[in-house]
Amino acid sequence: MDQPLFRSFVSVRDTGRAVGAGVLLADDAVLTCAHVVNSALGRDRYDQTLPGPGQAVRVRLPHVAPDRDLTARVEPALWSPPRATAGGSRPVPPGAHLHHGDLAVLRLPGPAPAGAEPAPFLPHAYGNEVIALWASGHPLPTVRAVPRVSAPPWVALDVVGGTEVREGFSGGPLWDRDRQAVVGLVVADHRTPAGARQPQAAATLYAISVPAIEAELPELPPPLVPTARRGVQQLLAVLETVLTTPDAVRGCEELLASRLLRPSLGPGADLDRLVGLAVGVRRGVPELLQAVREVLPAGGGPQWERLRRVARAVSPGESLTRKQQRDLNGLLAHCGRTDPRRLLADVLPHAIELPAVTGLADALDVLEGFEAQGAQPMPPLLQGVVRIGVEESEAGAYPAEDLEAWTERTALRLGVDVAAVRQYAADVRGYRAERARAAAEQHTRRSFHPTDLHAARNAAHHDTRQTAGWADVGSAAVGMAPLGTAPVEAATTGPAPVGAAPSVNGSRPSRYGTEGGARLSEVPRVQVELLPTATGRHYTYQVWAWSGGDAPHRLVLARDTEVTSEQVVDDIHRVLVEEIREDPEPALVEFFLPAAWLGLPVDRWESFDSDEDGPFGLGFTRRVVIRTARRSRESYAGWKRRTAALDTARSLVLDHGSTDRKVARARLELQPEVGTVIVCCEPRHHGALLRQCVQAGVHTVLWHREEHGESVAAGLLELVEGGHHTQLPETVRLERAKAVAEAASTGHRGRQLSLMYDAPDHRPPQLAPDAWVLTQP
């Protein structure tokens, strides 16, 4: 555990004491902060002048050669001193935070001592705890922290434990213990001044992220990455069918080595050397694909497509070469109209919780890690660049025209049709123009009736449903129908039933009955225990089938290799055809998910090869619901209490006023009889509220993944309160089917409906013996 950290940790020293830290980047190179170098040389920490060749810095590898000091000198081409702004070289005022640059590479006179190894690097992951060692490298004074937000040029981290943050941590590696990789360099900390009136704040640690380091030092040799990589053997197998001659292998190896600033083996190169070179460093796999394309310019066909798929499996978060990334970051520095968080929400509308980013480069780094969904030919990365370019074009030609050229060139290298890129850009422009026109009309209508409150409310209700409606341009489809071509009529709510008491937020109690209550419990079902990977793009799972009646549960499929959502749907479809008797009603498909993945859009997943009648859309051909994979004892107690009150249960709306978790919990605690919850607030709050509902024992939650507001809540309440709770999965399925049938309308509410249905109409199988002990009704 953590041995790669100890073998690469460097202590930067001033005579007899440690002043900062660094990390071994290559056999003879140390990466650290420029202000640490200045401190070690006895200079002002913000000094921008390049240290001369006669100014040597003392360093030590405390875990490899604890009694041996080495001398190192600054590499002139890799000196980036602190500066006040991203551009120019204005000096940093003393003590200022969020300065730029502050990086340096120290060159050793020869290879590091025996036992030392360069560190592996990866981009940071939000929520992963990291550690930082003090300058001496001793493991006791260690800080534990969690990344909170990317605020270029730094990442802010909340200190959650360990020793006090103090002088001497700067320049040291931030170490992700889960992934065993360096994710940044410590650069500063922030604490409330001792004489301040406010109480001492929790320490905040600042770091320079790996993408920021690469952007700041473009000539930096590609850093190593962890060596355990999936798909390497598959990559070798595909390359054997593509590079069929020794000359082709040698040409690729020489080209790749030159791009990665590594020595070439020349005639000694083989496929193992080629793949090892690519998978061993950051962005090595995209560079490999580019080298193969250049050596075999006439290559193509199924083998080339297979090579691209396998390369994506080996390096899932990387699709751009180093030059492509540097060119893009250079253009993004001139873009200021696009909000990064809104960009992520627009391109990834299915994501419940998005990382906190405040810079476009960080946002696109997030998008690069996602695959295109379904029939979408445009990967999220290119979608994001297109959207930025469209917004920037409204202010002028530059850099919009260069972004457009970059996108089309990169699309060709990623195997994306340029026509799809241009169509997507045209759709985004049309959508923005239509939204602007609709907003102007809405403003005009409201201004004509300033005194008519009833008319104003009706207009606002109609415009919310038609303008924002249930539509947006997301990652699910390239084409868009003109906005408002098929408006959805606003739902009306009837009077409450006689004797029904309103709930605290004004909603009506559900009209639960007993008829039909047993029908759903007899419906055949397919139950999928789904385990997403950390990125949420690939899955492992096991599938159970139950044909109804007294038939036993049978485990019919267990897939322990990671596959895409399309393969998940293929397997479910095969189970439905081969294992389930679907008479007389469609089977129920239940996804059992961890609490963190309740918002996964499984109801929109499709397969394009499994159904001879065309694409198989799971969410509208079958009842698809989400269930919780495990409950705590506390949540199970609440679940039993709410289950006992189902016949008289009421509905509750958690809107924007409930986004504070304490408020949401208080509302749920005040109404223990509530069985169904409508979550209707900004999508970024969905994840927290869904988990709050699970913790409170709520078994039925309906939400719309994109839209919110009073009209949306009213429409969802109408669906929920139309009958017995057992009919709700079928009601939601029909809404999804209507949305697909009304192809001309992008605004039907069924397109984005999700249902968590954990009601006690059927016992789950023993998917995981320990996890299900508490969930058995």
Side-chain angles (χ1 to χ4, degrees), residues 86 121-126 147 149-155 183-184 208-216 218 282-283 285-287 290 312 315-351 353-373 376-393 398-414 416 420-421 424-425 428 473-475 535-537 684:
F121 284 72
L122 286 175
H124 66 275
Y126 293 91
V149 62
S150 279
W154 293 351
V155 177
V183 296
I208 308 175
S209 68
V210 170
I213 293 170
E214 293 173 334
E216 189 69 32
R282 283 269 293 158
R283 301 201 174 273
V285 174
E287 293 285 4
Q290 182 65 19
R312 188 69 173 177
S315 183
E318 299 173 347
S319 57
L320 302 181
T321 64
R322 297 174 68 218
K323 186 177 186 308
Q324 289 169 343
Q325 186 199 36
R326 289 200 304 264
D327 290 346
L328 177 59
N329 286 342
L331 293 172
L332 294 178
H334 299 277
C335 300
R337 297 176 63 87
T338 305
D339 176 70
R341 280 200 58 83
R342 182 168 53 81
L343 178 70
L344 289 181
D346 289 343
V347 177
L348 303 174
H350 58 276
E353 292 182 321
L354 295 169
V357 296
T358 60
L360 287 177
D362 284 336
L364 291 179
D365 190 63
V366 171
L367 294 179
E368 188 179 0
F370 284 82
E371 294 275 13
Q373 296 292 316
Q376 169 61 272
M378 285 275 288
L381 170 68
L382 295 185
Q383 292 184 41
V385 180
V386 167
R387 286 175 176 271
I388 294 170
V390 169
E391 292 197 31
E392 293 298 325
S393 66
Y398 184 79
E401 291 180 349
D402 281 348
L403 283 170
E404 180 181 351
W406 181 94
T407 306
E408 294 188 359
R409 291 179 64 231
T410 304
L412 289 173
R413 286 162 173 75
L414 297 180
V416 178
V421 175
Y424 184 81
V428 173
V473 186
S475 61
T535 58
R537 299 186 299 274
R684 62 193 177 95

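Computed over heavy atoms, backbone and side chain alike; hydrogens, waters and symmetry mates excluded.
Considering only heavy atoms from C-beta on, Leu412 stays 4.5 Å or farther from Glu408 through its side chain. With contacts defined as side-chain heavy-atom distances shorter than 4.5 Å, the pair Phe121/Val183 does not qualify. His124 is not listed as a side-chain neighbour of Val210, based on a closest heavy-atom distance of 4.5 Å or more.
To the nearest 0.5 Å, atom CG of residue Asp346 and atom OG1 of residue Thr338 are 9.5 Å apart. Note that the CG atom of Leu348 and the CZ atom of Phe370 stand 5.0 Å from one another [nearest 0.5 Å]. Taken to the nearest 0.5 Å, the CD atom of Glu392 stands 9.0 Å off from the CG atom of Leu332. Remark: Arg326 CZ to Arg283 CZ distance equals 10.5 Å, nearest 0.5 Å. With values rounded to the nearest 0.5 angstrom, Thr407 atom OG1 is found 8.5 Å from Leu381 atom CG. With values rounded to the nearest 0.5 angstrom, Asp365 atom CG is found 12.5 Å from Leu360 atom CG.
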Derivation and outcome, salt bridge (charged side-chain N to carboxylate O under 4.0 Å, His left out), residues Glu287 and Arg322: CA-CA 8 Å; Glu287 293 285 4; Arg322 297 174 68 218; 5.3 Å; no
side-chain contact (heavy atoms from CB on, under 4.5 Å) assessment of Val149 paired with Trp154: CA-CA 9 Å; Val149 62; Trp154 293 351; over 6 Å; no
Audit row: Val386, Leu403, side-chain contact (heavy atoms from CB on, under 4.5 Å) steps and yes/no: CA-CA 8 Å; Val386 167; Leu403 283 170; over 6 Å; no
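The heavy-atom pair separating Arg387 from Tyr424 by the smallest distance is NE-OH, 3.1 Å. Scanning both residues, Leu414 and Ser319, for their nearest heavy atoms gives CD2-O, 3.5 Å. Among all heavy-atom pairs drawn from Val155 and Ser150, the shortest one is CG2-OG, 3.8 Å. The two atoms that bring Pro379 and Val416 nearest to each other are CD-CG2, 3.7 Å, heavy atoms only. For Ala212 against Pro153, the heavy-atom pair with the smallest separation is CB-O, 3.9 Å. Shown here for Val357 and Arg341, the closest heavy-atom pair between the two residues is O-CG, 3.5 Å.
A distance-only check finds no donor-acceptor pair linking the side chain of Glu318 to the backbone of Val285 [under 3.5 Å]. Gln324 places no side-chain N or O within donor-acceptor distance of the main-chain N or O of Thr410, the cut-off being under 3.5 Å. In terms of modelled atom types and a separation under 3.5 Å, the side chain of Arg337 and the main chain of Glu391 share a donor-acceptor contact.
In terms of the side chain to side chain contact (heavy atoms under 4.5 Å, CB included) criterion, residue partners of Ala215 (sequence neighbours excluded) are, by chain and number, Asn329. Ser393 is linked by a side chain to side chain contact (heavy atoms under 4.5 Å, CB included) to Ala400, counting only residues two or more places apart in sequence or in another chain.
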